[in-house]
2 protein chains.
Amino acid sequence: MDLRDTILGLLSWRPASGYDLKRIISNSEVFYWSGNNNQIYKSLIELQNEGLVTHQVHIQESLPAKKVYSITEKGLAVLHQSLLRAPEIPELRKGFLIQLAWAEILPDGEILALLEKYEQEIAGRLRMYQAQTARPGRSPDRSPREKYLWKRISENLSATTRTELEWVRQTQQDVRERKF
Amino acid sequence: MDLRDTILGLLSWRPASGYDLKRIISNSEVFYWSGNNNQIYKSLIELQNEGLVTHQVHIQESLPAKKVYSITEKGLAVLHQSLLRAPEIPELRKGFLIQLAWAEILPDGEILALLEKYEQEIAGRLRMYQAQTARPGRSPDRSPREKYLWKRISENLSATTRTELEWVRQTQQDVRERKF
DNA sequence: TAGAACATGTAAGACGTTACATGATTCA
DNA sequence: TGAATCATGTAACGTCTTACATGTTCTA
């Protein structure tokens, strides 16, 4: 599942401009790219050259014209193929664990301070996920099944973050009580 | 915590050759880079030019000579600074969630097949972590505290993976029972 | 009046991966 | 005899990010 597949997926939900895609990808944690123009506009041109998407120019009064992209039959077929590919294992990039790995050179107090800062960050992130899930209209909802799947996707991120929060709290407690 | 910091950290544990570092990084999930030569050998040269590491050539009979790198005082100071930086939030790249996001075009049976394949992958990964934790001598152990921290790091990955496993099993069950 | 939102695009560079190049030794 | 391990390095390429460039409209 690379950015191209993701764009095809988004367009299989509904037509969108490059700017729309940028906004969606930037604000989403699931679509984990930064949502920079360079990749998105280049990918759209590429996908169009391959006949997987088309676009129509919409002229707006008092706003710049925009190119609204739609997925083609061929694009849908390609998307279908990538959905059937073997699932990838998650890539977990936790810089904080590397920080902890060399924390031997720090006194207990500084390790605790780090753990507390990390807890704050994670707690904030969890609140963000929960607020985002509550907001309606942000996800495809073409059937009860699709609604369910998107709820589960959102719950996946929350569950992962909750586990992280429990982990850091337990670690804090152990360090405070010097349980080692 | 980038690759350079990670190399400094590893060298703060013990001197190592580029090849040693490559092996450690390749086999570790915490140090999440691929461990390719290009980055590692280039970083070592860079770090040496900045005076953060030095090396001694060890000539071995019946094996190629190697450059054994050590961290300098200056390198230790730089490492200390990066340990005190504000913790980064984990980057979770779960391609599978994106696959599920567009699974509306698949029948229940194919979604279930995907979920089962994913479960297998995750279960395998969890077994791998647990086996790796059991293996001794793979981590710094300069004090009970450091030993504890490394245990917690390893437990973090296991806990995250266990949560993922529970999530996929619950999702499977819901889809089987069509709970939506 | 300054900044955010809308809208499309390009340039430069950092970051990361695979594959290539070389060559001895060890093990199945 | 072929593959894996040890050991250092380079080339080519793909991915991803930040910043630049341009211009209007709306809001604080």
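Keep in mind it's a predicted model, so treat the numbers as computed, not measured. So that the names make sense, note that chain A is the first sequence line, chain B the second, and so on, each numbered from 1.
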*Where does the angle between the aromatic ring planes of A:Trp150 and A:Trp13 fall among parallel (under 30°), tilted (30 to 60°) and perpendicular (over 60°)?*
tilted
_Please give me every residue in residues 57-65 of chain A whose heavy atoms get under 4.0 Å of an atom in DNA chain D, ordered by residue number._
A:Ser62, A:Pro64
*Using a 4.5 Å cut-off on heavy atoms from C-beta on, say whether the side chain of A:Leu79 contacts that of A:Leu52.*
no
*Side chains of B:Glu46 and B:Asn49, donor plus acceptor under 3.5 Å*: no
*Round to a whole Å and report the spacing from CD1 of A:Ile7 to P of D:dT15.*
13 Å
*Any sub-3.5 Å donor-acceptor pair from B:Arg93's side-chain atoms to A:Pro90's backbone N or O?*
no
*Residues touching DNA chain D, which here means a heavy atom under 4.0 Å, drawn from residues 37-50 of chain B*: B:Asn37, B:Asn38, B:Tyr41
*Taking for each residue the nucleotide of DNA chain D with the nearest heavy atom, is it B:Glu91 or B:Val68 whose nucleotide lies nearer the 5' end?*
B:Val68
*Reckon A:Ser17 has a side-chain N or O less than 4.0 Å from the OP1 or OP2 of C:dC6?*
no
*asked:* Can you tell me how the ring of B:Tyr118 sits relative to the ring of B:Trp167, calling it parallel under 30°, perpendicular over 60° and tilted otherwise?
replied: perpendicular
*Just how far, in rounded Å, is P of D:dC16 from CE of A:Met1?*
14 Å
_I'd like to know whether CD of B:Glu73 has more than 12 heavy-atom contacts from other residues, nucleotides or ligands below 6.0 angstrom._
no
*asked:* Looking at B:Asn36, I'd like to know whether one of its side-chain N or O atoms comes within less than 4.0 Å of OP1 or OP2 on C:dT17.
replied: yes
*Mark yes when over 12 heavy atoms from residues, nucleotides or ligands other than A:Gln56 sit less than 6.0 Å from its CD; otherwise mark no.*
no
*asked:* Ignoring hydrogens and geometry beyond distance, is a side-chain donor-acceptor pair present between A:Asn156 and B:Glu164 at under 3.5 Å?
replied: yes
*Which of residues 18-35 of chain B sit near DNA chain C, with a heavy atom under 4.0 Å from it?*
B:Trp33, B:Ser34
*First locate atom CG of B:Leu114, then atom OG1 of B:Thr171, and finally report the distance between them rounded to the nearest 0.5 Å.*
12.5 Å
_From CG of B:Asp2 over to C1' of C:dA14, roughly how many Å is that when rounded to an integer?_
11 Å
*Using atom NZ of A:Lys66 as one end and atom P of C:dA5 as the other, report the distance to the nearest whole Å.*
16 Å
*How far apart are the C-alpha atoms of B:Arg176 and B:Glu116, what are their side-chain angles, what is the distance that settles it, and do they pass the salt bridge (charged side-chain N to carboxylate O under 4.0 Å, His left out) test?*
CA-CA 11 Å; B:Arg176 269 195 218 102; B:Glu116 275 154 26; 3.5 Å; yes
_Can you confirm whether the side chains of A:Thr133 and A:Ser154 place a donor and an acceptor under 3.5 Å from each other?_
yes
